[in-house]
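Only one structure is covered here, and it is reproduced in the block below.
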Amino acid sequence: MTKVIQIKDIANYDGQEVTVRGWVYNRTGKGRLQFILLRDGSGQAQCVAFKKEMTPDEFEIARGLSQESSVIITGTVRADERAPGYPGGYEIGIQQLQLVQQADDYPITPKDHGTEYLMNHRHLWVRSNRQWAILRIRATIIKAMRDWLDDQGFLLVDTPIITPAAGEETTPVFDVDYFGETAYLAQTGQLYNEANIMAFGKVYCFGPTFRAEKSKTRRHLIEFWMLEPEIAFCSLEELMDIEEGLVSAGVEQVLAKHQQELAIIERDVNKLEAITAPFARISYDDAVARLQARHAELDDPQQRAELAIELGEDFGSPHETALAEMFDKPVFVYHYPTAVKAFYMTPVAGRPEVCRSVDLLAPEGYGEIIGGSERIHDLDLLARNIDAMGLGREAYEWYLELRRFGTVPHAGFGIGIERTVAWICGLNHVRETIPYARLLNRKYP
RNA sequence: UCCGUAGUAGCUCAAUUGGCAGAGCAAUCGGCUGUUAACCGAUCGGUUCUUGGUUCAAGUCCAAGCUACGGAGCCA
């Protein structure tokens, strides 16, 4: 029994006999010579079948292998510059081949397919190179950001998915039948984070969140994953320091560990190498002025209509894109109008029409990847806002109590994992950044 | 919800002014000892999204609907 190896480690076994187990990604042949590109989840390696080096029965199996058939192959590793794969450069000369199952008419061929077809076969599509690369990068981004927070003294504190009240008042939520009562799927863990910082100082939660919005764009999912740090005794400026440290750590780790995957998805690595702290910080007022200046340069009537903006209005998607295009790194926009932001955001002292909020806009048109703010820590002001929004005191009683027992200035933010992955990978849609996307018209598979 | 585009073989797409339903890939069979989405030969493959209408004749024109894609709003 030879050693079973992972293909990613193949370079360590040059000249040795090994066993690999996996699936046929592709096969080409020239009569008595067959090339089997085998993937095992960790990588891909070319396995070469010569008729004279195998039993006749096993060679016939090799000659007839279909795409995604599962096999166990034993053979000798040898370096060969012609060998494709990941990492590539090594191939396996097959001595024994065991067929686990001959796959029957695999639907996703190595040719072009449409989006709908691929999404209908997402359970199989995740096997493809490009999806393999993206989902591996996603895992690294999550790990890098969590490691960074852990190293900074944050504690992971999980927050509930089923909640008694909608977290934010602005967006529609999903109802859940909770033994005859109505509960809601979480849109954010923030309110619970605010309780948890009073116990642990610096915390974050990480998990799925749910928005019942009828949004159908390349930036929206119904179910998406969010990493939400919250920090006691934290100002908006300190919050921006944390955000840029977190984001640049994620980019740095992807560059360090995934050159191979970035090559598969053909990402322009130069643009990622530029993503280092600090990031530009501009006020909402400044952003509006920049957009108005840009607007004045435009001739096209449709573009002019999209980019028109007055002080006090919220940004639409075209505004965010235009702003981000002015920078080659993510850019912070702070002090948004109070009226367009959530009820818990602290008004700026002396200028209550704007609030201590900050969004981080990703470059290359990917839009907002982070939203954050200083939270109101004054009991009376928070209670007034809750009443003014018509939210109902009962569900928020515990939240108000946080301001009654040792309230402190604090701040936090949420970073959308899928938008971040889409930006770092240079994808044109978030649906490829999550294994099984939930979209307005899709919950299958 | 609004605006725009599309729907033809398992997949990706053609089909001229309304005039015989086509190709590549996949699949099946055969050939080939260095292939990189191999190549060569053959075979197989159709409710042209649905319903109704115009016409000698509809994939093509008209009406309604369905589905998908892209964008807006809203958001991360």
Is there a Watson-Crick or G-U wobble partner for [N] with both distances under 3.5 Å, and which nucleotide is it?
N: B:C39; answer: B:G31
N: B:U5; answer: B:A68
N: B:C61; answer: B:G53
N: B:A15; answer: none
N: B:C25; answer: B:G10

Checking only heavy atoms, does the side chain of [X] share a donor-acceptor pair with the base of [N] at less than 3.5 Å?
X: A:Arg419; N: B:C75; value: yes
X: A:Thr109; N: B:C11; value: no
X: A:Glu91; N: B:G34; value: yes
X: A:His220; N: B:C75; value: yes
X: A:Gln46; N: B:U36; value: no

Tell me which nucleotide among [options] gets nearest to the side chain of [X].
X: A:Arg218; options: B:G34, B:C74, B:G70; value: B:G70
X: A:Asp105; options: B:G73, B:A27, B:A38; value: B:A27
X: A:Lys216; options: B:U35, B:G71, B:A76; value: B:G71
X: A:Leu33; options: B:C11, B:G70, B:G34; value: B:G34
X: A:Lys52; options: B:U67, B:G31, B:U33; value: B:U33
X: A:Thr217; options: B:A72, B:G34, B:U36; value: B:A72
X: A:Thr28; options: B:A38, B:G73, B:C11; value: B:A38
X: A:Glu213; options: B:G73, B:U35, B:C75; value: B:C75
X: A:Arg32; options: B:A72, B:U36, B:C32; value: B:C32
X: A:His429; options: B:G34, B:A37, B:G70; value: B:G70

Using heavy-atom distances to pick each residue's nearest nucleotide on RNA chain B, tell me which of A:Leu440 and A:Asp80 is more 5'.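 Mapping each residue to its closest nucleotide by heavy atoms, the 5'-most match is A:Leu440.
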Take A:Ala83 and A:Gly31, find for each the nucleotide of RNA chain B with the closest heavy atom, and name the residue whose nucleotide sits nearer the 5' end.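 The residue whose closest nucleotide sits nearer the 5' end is A:Gly31.
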Taking only side-chain nitrogens and oxygens of [X], does any of them come within less than 4.0 Å of OP1 or OP2 of [N]?
X: A:Asn26; N: B:A38; result: yes
X: A:Arg63; N: B:C29; result: no
X: A:Ser215; N: B:C75; result: no
X: A:Arg431; N: B:G70; result: yes

Between [N] and [M], how far apart are the two [atom1] atoms, rounded to whole Å?
N: B:G53; M: B:U12; atom1: P; value: 32 Å
N: B:C40; M: B:C56; atom1: C1'; value: 46 Å
N: B:C61; M: B:A6; atom1: P; value: 11 Å

Less than 4.0 Å between a side-chain N and a carboxylate O, is that true for [Y] and [X]?
X: A:Asp80; Y: A:Arg78; value: no
X: A:Lys329; Y: A:Glu244; value: no
X: A:Asp241; Y: A:Arg281; value: yes
X: A:Arg356; Y: A:Glu237; value: yes

State, without any angle test, whether A:Thr19 and A:Thr74 hold a side-chain donor-acceptor pair at a distance under 3.5 Å.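 Distance-only check passes for A:Thr19 and A:Thr74.
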Rounded to whole Å, how long is the line connecting atom [atom1] of [X] with atom [atom2] of [N]?
X: A:Ile94; N: B:G34; atom1: CD1; atom2: P; answer: 16 Å
X: A:Leu439; N: B:A68; atom1: CG; atom2: C1'; answer: 12 Å
X: A:Ile222; N: B:A76; atom1: CD1; atom2: C1'; answer: 13 Å
X: A:Ile108; N: B:A27; atom1: CD1; atom2: P; answer: 14 Å
X: A:Asp112; N: B:G10; atom1: CG; atom2: C1'; answer: 15 Å
X: A:Lys30; N: B:C39; atom1: NZ; atom2: P; answer: 12 Å
X: A:Met119; N: B:U67; atom1: CE; atom2: C1'; answer: 15 Å

Closest contact, heavy atoms only, A:Ile7 versus A:Tyr86: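 Closest approach of A:Ile7 to A:Tyr86: CG2-O, 3.7 Å.
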Whether A:Arg419 engages the ring of A:Trp423 as a cation-pi pair (distance to the six-membered ring centre under 6.0 angstrom, angle to the ring normal within 45°) should be assessed.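 A:Arg419 over A:Trp423 ring: no.
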I'd like to check, for A:Phe224, whether its ring lies over the base of B:A76 with centroids under 5.5 Å apart and a plane angle smaller than 30°.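 Yes.
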Sole candidate of A:Gln190, A:Glu194, A:Arg375 that passes side-chain hydrogen bond (donor to acceptor under 3.5 Å, both in side chains) when paired with A:Tyr344: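 When side-chain hydrogen bond (donor to acceptor under 3.5 Å, both in side chains) is applied between A:Tyr344 and each of A:Gln190, A:Glu194, A:Arg375, only A:Gln190 qualifies.
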